[in-house]
Structures are given as C-alpha cells and as structure tokens.
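One structure, pasted below without further comment.
Bear in mind the structure is a predicted one, so any value in this text is a computation, not a measurement. The chains referred to below are lettered A, B, ... by the order of the sequence lines, with proteins before strands, and numbering in each begins at 1.
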Protein chains: 2
Amino acid sequence: MSWRKEQRRAERGYHHGNLKEALLQAALGLIAEKGAAGFTFADAARMAGVSAAAPYRHFRDRDELLSSIAQRGFEQFESRLAAAWDDGRPDTVTAFERVGKAYLAFAREEPAFYNAMFESGVPVDANPALQAASESAFNIIRAAAERLAALTPPGTPRPPAMMMALHIWSMAHGVASLFSRGDAARRKLPMSPDELLEAEVLIYLRGLGFPTDRRPAGKSAEPPPVPPEASSGSGVPPGGPWGKPK
Amino acid sequence: MSWRKEQRRAERGYHHGNLKEALLQAALGLIAEKGAAGFTFADAARMAGVSAAAPYRHFRDRDELLSSIAQRGFEQFESRLAAAWDDGRPDTVTAFERVGKAYLAFAREEPAFYNAMFESGVPVDANPALQAASESAFNIIRAAAERLAALTPPGTPRPPAMMMALHIWSMAHGVASLFSRGDAARRKLPMSPDELLEAEVLIYLRGLGFPTDRRPAGKSAEPPPVPPEASSGSGVPPGGPWGKPK
DNA sequence: CAGCTCATGTAAAGGTCGTTCACATGAGCT
DNA sequence: AGCTCATGTGAACGACCTTTACATGAGCTG
C-alpha cells in the first residue's frame with residue numbers, strides 16, 4: 001500500500017530537513033514540464049515525498065510559492081543580463097546586443113523561470129521583494145541604454161535612455177513570447193528568434209542614428225574597439241542588418 | 001433551497017435554446033474579470049443557469065471553450081486590424097501606424113479576448129481553425145509590411161516584408177504584454193503605451209530608411225499624400241519621434 | 001394528432017486540488 | 001531528562017472537472 005511513502009520516511013525521517021528548497025526545485029521542474037497553470041501544489045509535495053499539507057509550513061499558499069520562484073527568476077535574470085552587458089565591454093553596441101541575446105537565451109534555457117516571471121499571472125507589484133527583483137533586472141537594460149544614449153553621434157538628437165530601454169525590453173519580450181518559447185517556437189519563421197531580434201535591434205539603433213555597419217553573424221574580430229566618432233548617418237550600410245538581400 | 005434554479009427553469013424551460021452562445025458570453029465576462037487561469041467551467045454554467053454537466057454537450061472540455069474564445073478573438077482582431085489598415089489609406093506609413101495603435105487598442109479594450117489568445121496557454125497549433133484565424137490576423141500585418149517594404153526609398157536595400165511584419169508584431173505584442181494590460185499597466189512609465197509603441201515603430205522605420213518626419217501626435221493634415229521619392233536618409237528629422245528632446 | 005428519435009439538459013458520483021485544523025514528532029535548548 | 005516549538009501528518013471541507021445513466025421535449029414522420 002503505502003510502501004514507497006514509508007520507505008521514503010525511513011530514508012529521511014519524520015522531518016525533511018530542507019523541504020522549502022526541495023519544494024522550489026520540484027515546482028521548477030513541474031512548471032518547466034506543464035507550465036505555471038498546470039503546476040500543482042499537491043504534485044510538488046508528492047515529489048518532495050511529504051504530505052499535501054506540509055508545504056503550508058513554508059508558503060502561505062500556492063501563489064506564494066509561484067511568487068518565490070518568480071523572484072528567484074528575476075534575480076538569475078539580472079545576473080545573466082549583467083554578465084552579458086559586462087559593463088559595456090568591449091564596446092557599447094556589441095555589449096548591448098549581447099544583452100538582447102542573453103534575454104532570449106534566458107527565455108529559452110529557463111522556461112520555468114520565464115514562465116513564472118512573465119506568464120504565470122503573478123502580480124509583480126503585490127510583493128515588494130518581487131518588485132525589487134524585477135526592477136533590478138530591468139535596471140541592467142536601463143543602464144545599458146543610458147550608456148548607449150550617451151554615444152549618439154553629434155548632430156543627432158539624444159533619445160531618452162528610459163524610452164530606449166523600454167523599447168528594447170518590449171522587443172526582446174515580444175520576440176521571446178511569440179517565437180522563442182514552447183508551442184510558439186513551432187511557428188515557421190524565415191530566421192531564428194535570435195537573428196530576428198538582432199536585426200530588429202540593429203534597425204532600431206540605426207533609426208536612432210547609430211552607425212551599425214557590422215555584419216550580424218560575422219565572427220571577425222572587433223574592427224573598431226572605439227565606436228564613437230564614427231561617420232554620422234551619412235549613407236546606408238552596405239549590407240542590411242538582415243544579411244544579403246539577394 | 002433550489003428556488004432560483006427552479007424559477008430559472010420555469011422562465012426558460014428545460015432546454016436553454018442558445019446555451020453555446022450563452023456559455024461563450026459568460027466565459028468572456030469571467031475571463032475579463034479573473035483571467036483565463038481563474039475562469040471556471042462550472043462558473044460559466046452557473047451563469048447560464050444550467051447544471052455543471054450541460055456545457056459538455058457543446059464543448060469537449062474546458063480547453064475547447066477557451067480555444068473557441070481565442071478563435072473568435074483572432075477573428076475580431078483581424079477585422080479590427082484590417083479596418084485600421086484600410087488598405088493603406090490615406091498613405092502607407094499613416095495606415096501602418098494606425099495598425100499598431102489598433103493592436104494596442106484591442107489589447108486594452110478586449111482584455112478577455114487578448115488573454116485567451118495570447119496568455120491562456122492555449123496551444124494555437126493544436127486546432128486548425130484556431131491556427132487559421134491566427135494566421136489570418138497576422139496576414140494583415142504581413143500585407144501591410146509588404147506594401148511598406150515596396151516603398152523603400154531608392155538606394156536603400158529593401159528589407160524582407162516577412163521580417164518587417166515579425167518585427168512589428170513583436171514590438172506591438174511586447175508593449176501590449178508588458179505595459180498595456182492589467183497589473184503591468186501600473187508600471188510607471190514616462191509615456192503612454194501608445195506613444196511608446198508609436199515612437200518605437202517610427203524609429204524602426206527610420207532605421208530602414210523611411211522618411212518619418214511627421215509629428216507623432218500632430219493632427220495637421222497629411223502633408224504629402226505621396227510618400228515615395230522623399231529625400232533618402234540624408235539628414236535627421238528636426239524633432240525625434242519622441243517629441244521635443246528639451 | 002400519436003409516436004418516435006435524438007439533441008440537449010440533469011443528478012449523482014469519482015477523482016483531484018487547495019486549504020485548514022487538530023494532533024504527532026523530534027531537534028535543539030535548558 | 002524534560003520542554004518547546006518548528007515541522008510534518010491525516011482527516012476533512014468545498015470547489016472544480018469530467019463521466020455516466022437517466023430525463024425532457026422539439027421536431028419530424030406517418
């Protein structure tokens with residue numbers, strides 16, 4: 001009958017010892033499998049080998065567990081974006097695009113976190129810690145935009161950095177949501193989500209007056225480590241950001 | 001005891017007469033209130049005044065109801081986008097921006113549909129009719145992008161229309177998801193979602209070489225009804241798409 | 001109009017969940 | 001050794017989803 005359960009109990013004793021962490025891990029796995037909507041408090045408890053009531057000793061309710069995961073997600077998100085930004089090295093534009101790629105990579109590689117953060121319906125502003133984590137992550141993008149805005153070529157009006165940050169965020173989030181996750185990824189596209197976002201950002205930056213005449217997928221060494229003082233938007237780059245127009 | 005129920009029954013007889021439609025309407029209202037995740041099959045049945053089992057005569061399960069709503073949503077979405085596009089009148093760029101606004105307006109004014117379409121976790125590719133409706137809606141954007149791509153100023157490489165369409169879609173979806181709905185709308189922004197998206201699209205179009213020297217919110221009559229043959233990207237428009245940089 | 005049929009609705013029941021409550025256990029401190 | 005309190009258990013409640021056997025009556029057939 002309750003053979004497994006008894007054995008589990010024998011293995012770990014009456015007290016689990018690290019149930020909170022075990023529940024978070026279990027939930028993460030379940031969300032990755034079935035989405036935040038399909039994830040079940042009871043399932044997480046089962047997976048941790050405890051009764052259905054045990055989780056209530058560590059989380060007020062199911063939403064609080066979800067909220068905790070979202071918060072953790074934002075923290076990891078921030079650290080990945082920060083690593084990608086690398087304080088603007090080797091040059092601002094390159095680093096900026098790396099942030100965009102990191103955004104997509106996170107959405108792809110951490111579907112459970114991404115789901116909890118953006119698709120689970122968790123009200124971000126209800127939990128101050130969660131809200132703070134969310135803002136910290138966004139601040140990476142904001143800081144990057146700030147630096148980028150400071151580089152606008154002379155003669156070009158300087159865009160508000162906040163606006164740029166919001167624009168970039170919306171592009172990354174839009175691409176990730178629509179094309180880079182779960183079923184949505186199955187839409188047949190003429191290019192990969194990464195390429196799509198990279199082209200989008202490059203075109204956008206060019207619209208702001210930035211010289212963006214690098215090859216998108218080119219692996220050649222950084223041609224100019226010092227981007228400022230490049231030619232102002234006089235002509236059109238040889239190849240569009242979408243590769244050979246053939 | 002079951003006073004209300006008996007009375008209801010007396011009013012409408014044993015057979016409802018139009019239960020399927022009533023369920024769809026009830027579900028729409030419930031989703032608008034509590035989101036697709038919180039919406040309940042039983043609740044919809046109650047609201048229609050029938051037993052909890054009755055809906056199963058019209059929908060295989062809860063997911064099929066949700067899927068039907070999503071499909072209906074895509075159909076209305078398509079017609080609103082089509083009306084906004086108006087076949088490119090009075091000029092392509094103006095009409096294009098109107099489509100972007102229509103996207104946001106739909107997300108704002110039809111939260112229930114938008115939720116079912118993009119946030120309910122309904123697998124779009126599982127239902128052929130739903131998939132077709134979704135593609136029809138996207139095709140409006142695609143067609144608009146096609147026309148816009150054909151207008152690229154001479155000397156500018158012509159971007160693939162499909163890519164443009166995907167870019168625009170991702171921007172609109174990103175802005176709508178992040179800033180224009182529910183709790184997300186509470187984030188304090190320096191500008192409205194509409195303005196944010198409009199500026200984003202304008203900058204993007206300028207990045208493609210389009211002349212976009214119109215005032216964003218300006219209501220002045222269309223200066224040039226014939227956009228082609230405008231100056232190639234020689235200079236920078238007087239005021240940025242984000243208004244006075246003051 | 002009588003009678004039949006079948007789409008449509010009902011009640012009841014089984015299974016799962018979220019959540020609460022009274023009670024059990026045992027780790028750590030005194 | 002004994003106490004305490006955080007942590008876990010089992011039972012129970014109500015809500016939901018879904019299936020099943022049965023009830024109703026609208027519309028057709030003769």
Side-chain angles (χ1 to χ4, degrees), chain A residues 1-27 30-31 33-69 116 120-122, chain B residues 1-27 29-31 33-69 120-122:
Chain A
M1 211 79 89
S2 55
W3 197 52
R4 301 303 307 256
K5 197 184 282 183
E6 298 304 337
Q7 185 169 352
R8 284 250 198 157
R9 188 96 58 89
E11 282 169 5
R12 59 143 240 258
Y14 189 92
H15 288 287
H16 184 287
N18 199 10
L19 184 52
K20 184 161 189 171
E21 192 55 35
L23 286 172
L24 286 168
Q25 291 305 323
L30 290 170
I31 294 174
E33 268 183 50
K34 308 180 293 186
F39 144 76
T40 233
F41 218 28
D43 247 341
R46 246 189 306 273
M47 193 158 299
V50 297
S51 75
Y56 290 86
R57 296 295 178 195
H58 300 276
F59 301 96
R60 197 176 346 88
D61 55 20
R62 181 179 173 282
D63 280 349
E64 192 179 280
L65 203 179
L66 227 49
S67 175
S68 291
I69 290 187
S120 69
V122 169
Chain B
M1 209 81 90
S2 54
W3 198 52
R4 300 305 308 256
K5 198 183 281 182
E6 299 304 339
Q7 186 169 350
R8 284 249 200 159
R9 189 95 58 88
E11 282 170 7
R12 59 142 240 258
Y14 190 91
H15 288 288
H16 183 287
N18 198 10
L19 183 53
K20 184 161 190 172
E21 192 55 34
L23 287 172
L24 286 167
Q25 291 305 324
L30 290 170
I31 293 173
E33 268 183 50
K34 307 180 294 186
F39 144 76
T40 235
F41 217 29
D43 248 341
R46 244 189 307 274
M47 194 159 299
V50 297
S51 76
Y56 289 85
R57 296 295 178 194
H58 300 276
F59 302 95
R60 197 177 344 87
D61 55 19
R62 182 179 172 283
D63 281 348
E64 194 180 279
L65 203 178
L66 226 50
S67 175
S68 291
I69 289 187
S120 68
V122 169

Return yes if some donor-acceptor pair links the side-chain N/O of A:Asp61 with the main-chain N/O of A:Glu64 below 3.5 Å, else return no.
yes
To the nearest angstrom, the CG-P distance between A:Leu23 and D:dT7 comes to 12 Å
Within 45° cone and under 6.0 Å: A:Lys34 NZ/CZ vs A:Phe39 ring:
no
Checking contacts here: which listed nucleotide (D:dT9, D:dG8, C:dT8) is nearest the side-chain heavy atoms of A:Ser51?
D:dT9
In whole angstrom, what separates B:His58's NE2 from C:dC6's C1'?
14 Å
Please state how far atom CZ in B:Phe59 lies from atom C1' in C:dT8, giving the value in whole angstrom units.
14 Å
Separation of C:dT10 atom C1' from B:Leu19 atom CG, nearest Å, is 13 Å
Does any non-hydrogen side-chain atom of B:Ser68 lie less than 4.5 Å from one of B:Leu24?
yes
Extract from the structure each pairing of a protein N or O with an N or O of nucleotides 16-18 of chain D at less than 3.5 Å, listing the distance.
from	atom 1	to	atom 2	distance (Å)
D:dC16	OP1	B:Arg46	NH2	3.3
D:dC16	OP2	B:Arg46	NH2	2.9
D:dC16	O3'	B:Thr40	OG1	3.1
D:dC17	OP1	B:Phe41	N	3.0
D:dC17	OP2	B:Phe41	N	3.3
D:dC17	OP2	B:Ala42	N	2.8
D:dT18	OP2	B:Tyr56	OH	3.0
D:dT18	OP2	B:Arg62	N	3.2
D:dT18	O5'	B:Tyr56	OH	3.4

Does A:Ala42 offer a backbone N or O that forms a donor-acceptor pair with the side chain of A:Thr40 under 3.5 Å?
no
Taking the side chain as every heavy atom from C-beta outward, state whether B:Ile31 and B:Leu66 have any atom pair closer than 4.5 Å.
yes
Distance (rounded to the nearest 0.5 Å) between A:Leu30 CG and A:Arg46 CZ:
9.5 Å
With a 3.5 angstrom cut-off on both distances, give the Watson-Crick or G-U wobble partner of C:dG28, or none if there isn't one.
D:dC3
Expressed as a whole number of angstroms, how long is the span from A:Arg57:CZ to C:dC21:C1'?
9 Å
